[in-house]
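Written below as structure tokens is the structure these notes are about.
Every chain is numbered from 1 and lettered A, B, ... according to where its sequence line falls, protein lines coming before strand lines.
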Protein chains: 2
Amino acid sequence: MVQRNAVPAVAMNIGEVAAAVDLPVKTLRYYEEIGLVVPQRQPNGYRRYTERDVHVLRFLRRARSLGFSIPDCRALLSLYGDAGRASADVRRLAEARIADIDRKMAELRGLRATLAALVEACHGDQHPDCPILDDLAGAGVS
Amino acid sequence: MVQRNAVPAVAMNIGEVAAAVDLPVKTLRYYEEIGLVVPQRQPNGYRRYTERDVHVLRFLRRARSLGFSIPDCRALLSLYGDAGRASADVRRLAEARIADIDRKMAELRGLRATLAALVEACHGDQHPDCPILDDLAGAGVS
DNA sequence: CCGCGACCCTCCAGTTACTGGAAAGATGCG
DNA sequence: CGCATCTTTCCAGTAACTGGAGGGTCGCGG
């Protein structure tokens, strides 16, 4: 069992966290404003983020970059946050989200196939056009 | 060889296309405004979309829903559209996009694992909290 | 030919999720 | 103490839509 929370980094100011989770400082402030991740404050008024906040923020960055909306993310977080209340609901919600993810995966595979086919089809010489792609773009999940 | 473009659907008005590609009419008008998909016009001023436009729009819907920005999409479309000019550039660009896609896939897998673990961990009884998730959220691609 | 509902048009305003910048306070170091 | 580098709030701007008003077009039934 590896102990991961070794260095608590006493302060955990906004800039530090921004670097750690790879999100702009501005975005963290925005997330506080909309009540998504609300850090505590230090006596000087600076935001203080916890390790948990950092985890949540990483989770958010991933989900957002994959096209989940903020409301989607809130739903995901409500699972993530207080798992263990109304398990059945949580479970259903999580499963629905997993279905979303599977759908997105399929779309990604389709997109990837389209791009890969393009690389394949035009690998060196100059074609005037690649009509094959017209088919491919429609071939995926639709 | 299956002939796909059998029914050209004489008009191909905006509403028809919107239904076909599963995007709101408003979005199609917006895409024209920003020069992404610019249909021709009928004598009465109605937009007339081609089969090709429909393909491109489907492609766009997919890419957008997966978190690619409009500039990203424009780059993808420039490949898709005139493949066959400056093959080397096209190839490099396409490959970069494929790398993006692979990164997104990995992130999706990570997200899915997190959610699946949640379903697993809390499958029936009431836990006060699922601290396991704290680790999971950080465990993926990062 | 006339209404009528469903479609289309443009234009303009509002929303979401940031993003940038000004003005000012806090921290840390030589 | 000065200076660079944080941090704060606030306000304005952007991207990518989204909704709604006001009005033209289409096609059908009477």
What integer distance in Å separates A/Tyr30:OH from C/dT15:P?
13 Å

How close or far is atom P of C/dT16 from atom CG of A/Leu36, stated in whole angstroms?
14 Å

With a cut-off of less than 4.0 Å, is there a side-chain N or O of A/Arg47 near OP1 or OP2 of D/dT8?
yes

Heavy-atom distance under 4.5 Å between the side chains of B/Tyr49 and B/Arg47, does that happen here?
yes

Do A/Leu108 and B/Arg62 have side chains that approach each other closer than 4.5 Å (heavy atoms only, starting at C-beta)?
no

Once you apply a heavy-atom cut-off of 4.0 Å, does A/Ile14 come out as touching a base, just sugar-phosphate, or nothing?
sugar-phosphate

Between C1' of D/dT9 and CD of A/Glu33, the distance in whole Å
11 Å

At under 4.0 Å between heavy atoms, what does A/Pro71 touch on the DNA or RNA strands: base, sugar-phosphate, or nothing?
sugar-phosphate

Can you measure B/Tyr49 atom OH to C/dC9 atom C1' for me and round it to whole angstrom units?
12 Å

Which of the following nucleotides, D/dA16, C/dC18, D/dG24, is nearest to the side chain of B/Ile70?
D/dA16

Tell me whether the OP1 or OP2 atom of C/dC18 has a side-chain N or O from A/Tyr31 closer than 4.0 Å.
yes

Between C/dT10 atom C1' and B/Glu32 atom CD, what is the distance in whole Å?
11 Å

Rounded to the Å, how far apart are B/Leu28 CG and D/dT18 P?
11 Å

Between C1' of C/dA17 and CG of A/Leu60, the distance in whole Å
13 Å

Taking 4.0 Å as the cut-off, does a side-chain nitrogen or oxygen of A/Arg41 come that near to OP1 or OP2 on D/dT7?
no

Would you call A/Leu36 and A/Tyr30 a side-chain contact if the rule is heavy atoms closer than 4.5 Å?
no

5'-most by nearest nucleotide on DNA chain C - A/Asn44 or A/Arg29
A/Arg29

Establish, with yes or no, whether the OP1 or OP2 oxygen of D/dA16 is under 4.0 angstrom from a side-chain nitrogen or oxygen of B/Thr27.
no

Whole Å only: how far is the NZ atom of B/Lys26 from the P atom of C/dC9?
11 Å

I would like to know whether A/Val54 and A/Arg58 meet side-chain contact (heavy atoms from CB on, under 4.5 Å); could you show each step before the answer?
CA-CA 6 Å; A/Val54 170; A/Arg58 263 200 266 268; 3.5 Å; yes

Any A/Arg97 side-chain heavy atom under 4.5 Å of A/Asp72 side chain:
yes

